[in-house]
2 protein chains.
Amino acid sequence: MPISIKDVAVKAGVSPSTVSRVLANNPRISPQTSERVRMVLKEMNYHPNEIARSLVRQRSRTLGLILPNAIDQFFLNPFFPEVLRGISQSARKLGYDLFLSTASQGLNDVERLDQMVQSKRVDGVILLTVKLDDPLLKHVQDTHVPAVLIGRSPGQSMVASINNDNKRAGYDATMHLLRLGHQRIGFIGGSPELILTIDRLAGYAQALSDGNVRFDPQLVTSEEFLEEGGYTGMMKLLALPTRPSAIIASDDVLAFGAMRAAGELGYHIPQDFAIVGFNDIPLAKIANPPLTTMNVHIFELGEGATTMLIDQIANRPGRSTESQIVPHDLIIRRSCGAWNPTNNLLSHLPQ
Amino acid sequence: MPISIKDVAVKAGVSPSTVSRVLANNPRISPQTSERVRMVLKEMNYHPNEIARSLVRQRSRTLGLILPNAIDQFFLNPFFPEVLRGISQSARKLGYDLFLSTASQGLNDVERLDQMVQSKRVDGVILLTVKLDDPLLKHVQDTHVPAVLIGRSPGQSMVASINNDNKRAGYDATMHLLRLGHQRIGFIGGSPELILTIDRLAGYAQALSDGNVRFDPQLVTSEEFLEEGGYTGMMKLLALPTRPSAIIASDDVLAFGAMRAAGELGYHIPQDFAIVGFNDIPLAKIANPPLTTMNVHIFELGEGATTMLIDQIANRPGRSTESQIVPHDLIIRRSCGAWNPTNNLLSHLPQ
DNA sequence: CACCATAAAGCAAACGATTGCGCACGCGGT
DNA sequence: ACCGCGTGCGCAATCGTTTGCTTTATGGTG
């Protein structure tokens with residue numbers, strides 16, 4: 001039913017090879033023939049069968065996206081659409097399509113990757129691997145498919161990756177609170193398996209140390225990576241004999257949960273607590289109060305992963321292991337009390 | 001480099017056809033041979049080349065997802081991840097993969113569809129078509145690819161579709177406010193091109209009429225489909241000589257913008273204004289106050305679209321035009337004042 | 001012992017493109 | 001008149017599967 005290159009060839013009175021070469025702008029085809037074929041092409045509204053093309057070319061101009069196994073929870077965080085937007089946009093710009101790994105119900109992630117790669121449907125994969133010891137990771141190193149990891153620090157693996165400097169980001173966020181005079185700073189993190197939790201916490205500890213503040217394990221809580229988790233984390237911190245005066249949440253969604261908990265107990269932000277989040281999700285700007293947060297440029301994360309991957313596919317013979325760091329910057333809003341310099345009374349809050 | 005069916009055949013001492021038939025569980029292969037081949041299959045960790053398969057089978061077990069052209073704005077609304085989650089989950093369950101149309105930079109949506117379909121990479125498409133006269137729509141009717149539309153009411157086209165009964169939902173939301181005693185009810189909608197805006201507004205008008213309340217065009221505003229739009233819409237309504245006592249926002253995100261506007265001007269929800277949103281996004285439950293909203297079951301929308309499409313691909317000879325309606329239900333929280341029956345004083349509020 | 005079902009597995013032709021190689025033709029140089 | 005070469009195009013193999021048809025082996029029957 002659909003028209004093939006052969007149909008076009010017949011109609012144009014040439015061989016399929018010639019049509020193919022016209023499509024490829026091969027200079028060995030005379031301008032006249034080329035023109036005639038092009039007319040027929042338009043006339044028949046021909047579009048090449050990409051499946052057949054992929055088969056003979058041995059590449060599909062398609063990128064595979066592998067989402068973490070805890071996919072449902074992941075979908076709920078605004079991180080996901082934003083990174084997908086970055087990936088999708090730059091893939092489009094570079095002429096690549098996107099393939100989402102979802103099929104193969106019974107298979108685990110490793111088998112899914114195997115299948116996606118061996119089935120030749122994708123030229124490379126982007127992995128959103130957020131947990132510390134993801135079995136996918138070992139596996140992607142063995143197989144030799146071009147790959148880029150999002151959310152994993154360079155040096156942690158033999159695979160190219162892109163990430164923020166989360167330790168540094170945690171450091172900077174904490175330092176900001178220290179400079180505002182806070183001494184007891186709580187840390188609400190996601191699951192301790194999450195790399196970003198670990199890294200940001202490390203930065204937090206480092207900053208404390210540099211600021212000569214004792215690290216108190218009581219002030220660190222790790223929760224489910226949802227608003228609800230931030231809520232319960234904050235409740236725990238508020239139940240402490242000596243409460244923190246400031247909170248670092250390793251994700252904006254957690255921060256919102258924390259703010260809700262504080263609000264329910266009658267506290268006010270930032271008067272009673274300073275709060276700093278991570279990610280700068282759209283909501284952060286419009287929350288009440290607007291949330292001070294570490295902008296980690298999620299979109300750029302997706303964008304960078306895509307360009308790195310395509311570069312790898314197109315230019316690298318083997319597989320590059322080079323990595324990239326996306327800078328972060330602290331967006332100071334009202335939730336930490338530093339918005340208006342005149343109300344920096346926070347440092348005098350009772351502990 | 002990668003192993004093919006031929007490699008397996010050689011190692012197992014059979015012909016490629018036999019291996020293929022083993023893969024297909026063809027009963028004409030003896031159990032002994034079958035077993036032997038299966039061993040080799042595992043041993044070599046063979047995975048079929050799906051590209052080659054698709055070519056000969058003329059189907060790819062892949063679904064194409066076509067997002068609206070205003071893709072960036074769309075990504076920001078929590079609707080998107082949720083519908084994608086529904087699609088992705090049920091596609092996975094049914095053994096289908098997902099293909100995102102992003103490539104072909106210069107092409108418009110119609111050409112993108114054409115290419116996706118003719119390139120044979122997908123067996124069918126799901127279209128998120130939210131605008132009233134989408135050129136894609138006319139086109140998808142001409143081409144004969146299996147397709148399902150999300151966000152378009154049945155009868156509006158010759159293509160299968162799935163949607164909420166948005167008119168009815170608008171009616172129900174409005175009726176709820178009328179029953180609470182409100183007489184002046186504002187409506188903050190998205191762009192007037194959006195079908196859901198139109199439908200929900202129609203339901204709103206109908207309910208007003210049934211409730212013997214005059215429809216006042218001044219109370220209807222249509223804004224950008226973002227939080228900011230809700231904000232400016234609310235500001236307009238608050239500037240009216242006789243302000244509304246209740247607001248219907250055609251999307252939760254708009255509702256949040258409206259709440260922010262009200263808050264900035266010193267008003268309180270629900271004491272000063274009742275607000276009802278649409279979608280029941282995760283945030284609605286945890287907002288302050290929790291938002292009364294019409295749950296339209298977005299996940300089911302994506303799920304239903306997928307099963308309908310796959311059913312069409314697998315069973316229907318031509319293309320079905322059957323449609324499906326996903327029910328809605330009003331989630332009553334605090335923002336409309338009806339949470340606690342004792343504070344239904346709203347009807348006595350000054351206008 | 002010839003004959004023929006029947007079962008099991010192989011042969012080869014697709015699917016729709018790409019591409020190395022070769023052929024025909026025309027033209028300029030010797 | 002012949003050789004050589006560049007140009008323009010077609011032939012046919014190939015990519016990795018699937019599948020209709022054929023072949024081979026086997027065992028039962030007349």
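To find a chain, count down the sequence lines: A is the first, B the second, and so on, and within it residues start at 1. Every value quoted in this text rests on a predicted model; they were computed, and no experiment measured them. The basis for the numbers below is simple: all heavy atoms, side chains too, and nothing from hydrogens, waters or symmetry mates.
The separation between Arg21(A) atom CZ and dT19(C) atom P is 9 Å, rounded to whole Å. Taking atom CG on Asp7(B) and atom P on dC15(D), their separation rounds to 11 Å, with Å as the unit. Atom NZ in Lys120(A) sits about 9 Å away from atom P in dG16(D), given to the nearest Å. For the pair Ile29(B) CD1 and dA9(C) P, the computed distance is 5 Å after rounding to whole Å. Between Asn26(B) atom CG and dA7(C) atom P the separation is 13 Å, expressed in whole Å. Look at CG on Leu55(B): it is 13 Å from C1' on dA13(C), rounded to the nearest Å. Rounded to an integer number of Å, the gap from NE2 of His47(B) to P of dG16(D) is 16 Å. Arg59(A) places its CZ atom 17 Å from the P atom of dC15(D), with the value rounded to the nearest Å.
Regarding contacts with the backbone of dT19(C), every side-chain N or O of Ser20(A) stays at 4.0 angstrom or more from both OP1 and OP2. OP1 and OP2 of dT18(C) both lie 4.0 Å or more from every side-chain N or O belonging to Gln58(A). In terms of phosphate contacts, Ser15(B) brings a side-chain nitrogen or oxygen within less than 4.0 Å of OP1 or OP2 of dG10(C). Applying the 4.0 Å criterion to OP1 and OP2 of dA7(C), one finds that Arg28(B) has every side-chain N and O outside that range. A sub-4.0 Å separation between OP1 or OP2 of dC9(D) and a side-chain N or O of Ser17(A) is absent. For the pair Tyr46(A) and dA17(C), the criterion of a side-chain N or O lying under 4.0 Å from OP1 or OP2 is met.
At distances below 3.5 Å, not a single donor-acceptor pair connects side-chain atoms of Ser119(A) with backbone N or O atoms of Asn49(B). With Ser54(B) contributing its side chain and Glu50(B) its backbone, the two residues share a donor-acceptor pair below 3.5 Å. One N or O on the side chain of Asp7(A) and one on the backbone of Ser4(A) form a donor-acceptor pair closer than 3.5 Å.
When distances are taken from the side chain of Arg53(B) to each of dG20(D), dT18(D), dG16(C), the shortest belongs to dT18(D). Closest contact between the side chain of Thr18(B) and the listed nucleotides dG16(C), dG10(C), dG10(D) involves dG10(C).
Among the heavy atoms of the strands lying under 4.0 Å from Val14(B) are primed sugar atoms or P, OP1, OP2 only; no base atom is included. Among the protein residues, Thr33(A) comes within range of the sugar-phosphate backbone only, with heavy atoms under 4.0 Å from sugar or phosphate atoms but none that close to a base. Nucleic acid contact class of Ser30(B) (heavy atoms, under 4.0 Å, all strands): sugar-phosphate only.
Taking the charged nitrogens against the carboxylate oxygens, Lys11(A) and Glu43(A) do have a contact shorter than 4.0 Å, which makes a salt bridge. Arg92(A) has no carboxylate O lying under 4.0 Å from a charged side-chain N of Asp97(A), or vice versa, which leaves the two without a salt bridge.
The nearest heavy atom of DNA chain C to Ala52(A) and to Gln32(B) marks one nucleotide each, and the one closer to the 5' end goes with Gln32(B).
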